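Values below: every heavy atom of this structure, side chains too, minus hydrogens, waters and symmetry copies. Labels below follow one simple rule: chain letters A, B, ... track the order of the sequence lines, proteins then strands, and each chain is numbered from 1. Values in this document were obtained by computation on a predicted structure and should not be read as measured data.
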There are 2 protein chains.
Amino acid sequence: MNQPHLKARIRQTGLRATSQRVAILQVLEEAQEHLDAEGIFQRARQIDPSIGLATVYRTLSRFKEVGLVRQRYLSSDHNREYYERADKAEHYHFHCRACGQVIELETARIRQAREELSAQLGIRFTSACVCFEGYCANCAADLPPAAGDSAPACRI
Amino acid sequence: MNQPHLKARIRQTGLRATSQRVAILQVLEEAQEHLDAEGIFQRARQIDPSIGLATVYRTLSRFKEVGLVRQRYLSSDHNREYYERADKAEHYHFHCRACGQVIELETARIRQAREELSAQLGIRFTSACVCFEGYCANCAADLPPAAGDSAPACRI
DNA sequence: ATTACTGCAAAGGCTTTGCATTGTA
DNA sequence: TACAATGCAAAGCCTTTGCAGTAAT
């Protein structure tokens, strides 16, 4: 329960390894789903009951700065921030409007787009937000052929 | 100042063509930059001084539903919603961290990604959020070779 | 004559911040 | 011993909502 490797990882970034931070990093290590600050808070307080929500926000912000976590948005509520470990391979998120699941997608096309646009326009990319929404294979099968709510075609 | 073609366009969607709605649509027609609700409000009230901010929000939401406008996010503040006319060709937004300008990018790679992922996984896409951040060609030239703030490489 | 739409002000929801205190290095 | 980090509560910010009044069809 002392989590020496997590403490070490935090110290490596120059941050102080407080029990709250270790708890938050542990939550992110173990998380199978995508968590927002509130979700991280609920789990972290089971490890360290003294933790406060403000600390979760401050820590996530700090972790993001030093590259320990990535902050993502999931369609379709862009008003809530989600967090994941930064050591995962590049991937994108798809949110199913019917069953609500989030599927992690892999494609080289986004990187390709960045590279081409860099070459064409001299742009230097530092970050990007790419998230998709629609119906997963299972849910799409249950829908009328060309319906799909108020958003029939993909309006990007 | 009666804007008959705007009124007609609104009525075609089944909505009532109020003076406030005409004003908002006119603002979006004429806008050269990317506007948020507050920005649209400020311009619309010059056309129709009686308009309220809540109406702007309600109208934009309604316009989005009927397909008159698209709602976008621009890196790096995803907490503010921007709006643009829905009759523009598919494009993506790049935000320069240095000069602040927003560049509209065109690339087929995103659509390609959608098509491939659809074919591979049976997913049906309805919408997507794609926005980039970094340094434009001009600003990149002024930066140290491989620096780039706290985000050296593109962390997607 | 309906009833969709509006303005105002209040409420909501997520995130940030001020300040005194705690605990790491 | 410094000073980074914390907890609590209050404030911020954008957006939504309730309600009574107004105006489009």
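Regarding contacts with the backbone of dT6(D), every side-chain N or O of R16(A) stays at 4.0 angstrom or more from both OP1 and OP2. Taking only side-chain nitrogens and oxygens, T18(A) comes nearer than 4.0 Å to OP1 or OP2 of dT6(D). For dG23(C), neither phosphate oxygen OP1 nor OP2 lies less than 4.0 angstrom from any side-chain nitrogen or oxygen of Q20(A). Contact annotation: R80(B) does not reach the phosphate of dC13(D) (side-chain N/O to OP1 or OP2, under 4.0 Å).
Within the structure, salt bridge (charged side-chain N to carboxylate O under 4.0 Å, His left out) contacts touching residues 42-51 of chain B (residues at least two apart or in different chains) are E33(B)-R43(B). Listed by first then second residue, pairs satisfying ring-ring contact (aromatic ring centres under 6.0 Å, His included) with a partner in residues 11-49 of chain B read H34(B)-H93(B), not counting sequence neighbours.
Taking atom CD1 on I40(A) and atom C1' on dT15(C), their separation rounds to 13 Å, with Å as the unit. The distance between atom CZ of F41(A) and atom C1' of dG13(C), rounded to the nearest whole Å, is 16 Å. Between N79(B) atom CG and dC14(C) atom C1' the separation is 8 Å, expressed in whole Å. For the pair L15(A) CG and dA25(C) P, the computed distance is 10 Å after rounding to whole Å. Per the geometry, CZ belonging to R45(A) stands 12 Å off C1' belonging to dG7(D), to the nearest Å. When the P atom of dC14(D) is taken as reference, atom CD of Q71(B) falls 15 Å away, rounded to whole Å. Rounded to an integer number of Å, the gap from CG of L60(A) to C1' of dT6(D) is 14 Å. Look at NE2 on H78(A): it is 17 Å from C1' on dT15(C), rounded to the nearest Å.
Aromatic ring orientation, Y73(B) versus H78(A): parallel (interplanar angle below 30°, classes split at 30° and 60°).
Residue-level contact check: S50(B) touches the backbone only, with heavy atoms under 4.0 Å from sugar-phosphate atoms and none from bases. Contact annotation for E38(B): no contact, since no heavy-atom pair falls under 4.0 Å across all strands.
Rounded to the nearest 0.5 angstrom, I10(A) CD1 and L25(A) CG are separated by 5.0 Å.
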Hey, what are the protein-to-nucleotides 16-21 of chain D N/O distances that come in under 3.5 Å?
from, atom 1, to, atom 2, distance (Å)
dG18(D), O6, R58(B), NH1, 3.2

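Taking the charged nitrogens against the carboxylate oxygens, E104(B) and K88(B) do have a contact shorter than 4.0 Å, which makes a salt bridge.
Along DNA chain D, the nucleotide nearest to A37(B) and the one nearest to G52(A) differ in position, and the one closer to the 5' end is contacted by G52(A).
Two residues are said to be in side-chain contact when any heavy atoms from C-beta on lie closer than 4.5 Å; L105(B) and H91(B) fail this criterion.
In the set dT6(D), dC5(C), dA5(D), the nucleotide with an atom closest to the side chain of R62(A) is dA5(D).
No side-chain N or O of Q46(B) forms a donor-acceptor pair with one of Q42(B) less than 3.5 Å apart.
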